[in-house]
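Written below as structure tokens is the structure these notes are about.
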There are 2 protein chains.
Amino acid sequence: MKWKIDDIPVFVAIVEQGGISAASDVLGQPKSTVSTTLTRLEHALGLRLVERNSRNLRVTEEGEVFYRKALLILDQVREADATAAGMSAEPSGRVVAAMPPAFTQEVVAPHIAEFQIRFPDVSLDLVLTTQGIELLRDQVDLAVVVGPKVDSDLISRVLVAGPLAWVTSPSYASTHDLRGGIDQIRSHIRICEKRYGRARMPVRVDGVQTQIDLSTGVSHVNSPLVAREAVVNGAGVSALPRLYLRESLASGRLVEAFKNVTFDLDASVLSVVYPHRRLLSPRLRVFVDFLEEICRQR
Amino acid sequence: MKWKIDDIPVFVAIVEQGGISAASDVLGQPKSTVSTTLTRLEHALGLRLVERNSRNLRVTEEGEVFYRKALLILDQVREADATAAGMSAEPSGRVVAAMPPAFTQEVVAPHIAEFQIRFPDVSLDLVLTTQGIELLRDQVDLAVVVGPKVDSDLISRVLVAGPLAWVTSPSYASTHDLRGGIDQIRSHIRICEKRYGRARMPVRVDGVQTQIDLSTGVSHVNSPLVAREAVVNGAGVSALPRLYLRESLASGRLVEAFKNVTFDLDASVLSVVYPHRRLLSPRLRVFVDFLEEICRQR
DNA sequence: AAGTAGCGTTCAGTTTTCTGAACAAAGGAA
DNA sequence: TTCCTTTGTTCAGAAAACTGAACGCTACTT
């Protein structure tokens with residue numbers, strides 16, 4: 001096929017307007033462009049579509065037949081254009097998001113209903129994952145990941161950045177002496193999240209930089225919620241992101257401990273990563289905004 | 001609408017082949033062209049159609065929707081292309097031809113049935129006219145005209161070129177002395193076609209160039225058939241194109257006279273004129289060929 | 001861990017298309 | 001018959017698109 005589909009609207013305009021000058025007015029193109037376009041189409045098709053001189057124009061029989069076919073093409077083109085316009089104008093469709101289980105259960109789940117009310121045409125496909133995510137390979141739209149992700153291709157926006165807090169159950173606190181130096185403090189820590197379970201975890205004790213061993217003899221789990229439940233049930237003291245502690249502290253199920261032992265800022269960071277800032281579809285944009293909003297509220 | 005319809009086949013190939021390199025192989029285009037074309041389409045639509053890196057490609061949800069619309073466009077494009085290919089390959093449709101009445105009745109009419117058998121999909125619309133023809137103004141495809149028509153725009157092919165012949169009825173010849181000089185000859189000419197009715201019609205008498213007055217005292221008519229019938233019925237001698245004399249001479253209804261008085265060659269010329277040599281539709285081409293053939297046979 | 005093949009993207013030079021200006025032609029008005 | 005207006009066409013310069021070459025990246029192989 002040697003003809004250009006983009007010549008179709010020009011040909012249709014010539015036929016319908018009855019002339020090249022009139023067609024150029026309607027198309028908003030110079031008449032030399034319109035004239036040359038018609039000539040090119042006729043040569044590519046090997047058909048004389050229009051007989052014309054400076055005063056008369058006559059659509060040939062072949063031109064009439066091709067014109068009707070051209071109208072069908074334009075019908076479909078307008079349909080596609082309208083569909084594309086609709087897609088880029090309002091949020092609809094499915095968002096596939098990979099997120100950590102704890103974050104999803106504790107932070108996102110309570111707000112899903114409200115998101116659905118606001119954006120009825122957007123469906124969520126939430127993929128709880130504990131492995132590293134690659135958007136393209138894993139065929140997901142976006143991901144919430146631990147850390148301030150920096151990637152040359154991806155856009156990263158920090159959702160949560162804050163310190164950890166030491167917590168224990170009231171009963172544990174009332175039956176144990178939580179005072180003392182680093183060694184005494186260390187003896188109370190029996191479980192913590194795996195990501196913090198380092199042999200030399202940097203902390204400040206009374207403002208003085210030091211390190212604490214959260215590796216040897218401390219149980220690890222890759223879920224802040226499980227660590228939290230263990231502590232609620234008497235498993236000593238643990239350091240957890242404040243993100244997951246709001247309700248437990250408010251209800252008194254947990255109490256803060258070791259207030260003189262603090263972590264550096266941003267020990268607990270979660271980011272949302274997605275491929276582009278430009279041409280981000282409306283539904284992705286609103287979901288990212290939604291995640292930012294619910295994290296800001298905590 | 002800011003996107004190019006010609007980008008559609010490229011987009012469809014990328015989706016169906018699952019990659020830009022594979023699509024470029026199928027399309028026969030450089031991969032830089034394919035890559036740039038996709039990028040341009042996405043920006044024009046304001047939609048990310050395809051997520052991709054050097055190893056993975058994923059069609060977005062918007063891309064899937066637009067792809068289905070694109071398939072509908074391509075369906076119509078293929079339909080139009082096939083229709084155009086059919087039109088340029090075999091003769092069909094209507095030919096509108098303006099021709100002189102005598103020529104049509106005497107030369108063309110006897111062969112119309114045979115043309116219709118050979119080209120069943122071609123219909124003829126024969127316009128008998130005695131006025132000058134302008135193809136575009138009069139909305140006709142071609143015309144048979146008197147003379148070796150030369151026009152900057154039109155193609156002209158001579159159908160008939162030959163001398164006139166002097167004829168009379170046998171009874172006239174047997175009751176009149178047709179011998180003598182130019183003046184005696186002149187006295188027998190009482191009717192001729194208007195186009196030859198000139199005061200100084202060049203002829204050769206016994207090979208010697210001279211002129212004969214066919215204007216004064218000679219009846220004129222713009223039909224060779226009417227002049228012929230008049231002569232058959234005793235109206236003296238007339239000069240007529242051989243084109244119209246074949247049956248009459250063969251049957252003995254007319255006999256030749258003044259064999260020593262001849263006209264210059266090409267006194268009687270008919271040409272077919274049509275707009276173009278290139279891009280001549282098949283049905284016009286076969287009709288022109290048909291006219292040439294039936295004239296050649298006479 | 002290092003090397004390799006093949007992917008998609010980008011850039012600068014080449015090619016193609018677009019178009020303003022000028023021209024020839026047609027038809028209407030004077 | 002002459003003049004004028006508006007048409008469609010053509011050409012040369014400008015603008016846009018194409019593309020070969022080079023590059024960075026990814027995943028597989030050694």
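Chain letters run A, B, ... following the sequence lines, proteins first and then strands; every chain starts at 1.
For B:S21 against C:dG6, no side-chain N or O and base N or O form a donor-acceptor pair under 3.5 Å.
Atom-to-atom, CG of A:L135 to P of D:dT26 comes out at 12 Å; the value is rounded to the nearest Å. In this structure, A:E51 atom CD and D:dT7 atom C1' are separated by 16 Å, rounded to whole Å. Taking atom CG of B:D25 as the reference point, atom C1' of C:dG6 lies 12 Å away to the nearest angstrom. Here C:dT16 presents its P atom at 15 Å from NZ of A:K2, a figure rounded to the nearest Å. When rounded to the nearest whole Å, the span between CD1 of B:I20 and P of C:dG8 equals 5 Å. Atom CG in A:D6 sits roughly 14 Å away from atom C1' in D:dA16 (whole-Å rounding). Between B:K4 atom NZ and D:dC18 atom C1' there is a gap of 11 Å when expressed in whole angstrom units. Here the C1' atom of nucleotide C:dA25 and the CZ atom of A:R52 are 15 Å apart, to the nearest Å.
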Residue pair B:R48, B:E42: steps toward the salt bridge (charged side-chain N to carboxylate O under 4.0 Å, His left out) verdict: CA-CA 6 Å; B:R48 176 72 53 177; B:E42 286 179 323; 3.7 Å; yes
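Ring-plane geometry between B:F66 and B:F11 is classed as tilted, the angle between the planes lying from 30 to 60 degrees on a 0 to 90 degree scale.
Where A:T37 and A:N56 meet DNA chain C, the nucleotide closest to each residue was compared, and A:T37 sits on the side nearer the 5' end. Projected onto DNA chain C by closest heavy-atom contact, A:R55 and A:K31 fall at different nucleotides, the more 5' of which corresponds to A:K31. Of the two residues near DNA chain D, A:L57 and B:Q29, the one whose nearest nucleotide lies more 5' is A:L57.
Here the nucleotide nearest the side chain of B:S54, chosen from D:dT19, C:dG8, D:dT7, is C:dG8.
With rounding to the nearest 0.5 angstrom, the CG atom of A:D213 is 12.0 Å from the CZ atom of A:R198.
Side-chain contact between A:L71 and A:V12: present, with at least one pair of heavy atoms (C-beta onward) separated by less than 4.5 Å. With a 4.5 Å cut-off on side-chain heavy atoms, A:D289 and A:R157 count as touching.
A close approach under 4.0 Å does not occur between any side-chain nitrogen or oxygen of B:T33 and OP1 or OP2 of D:dC18. Side-chain N/O atoms of A:R40 include one lying less than 4.0 angstrom from OP1 or OP2 on C:dC18.
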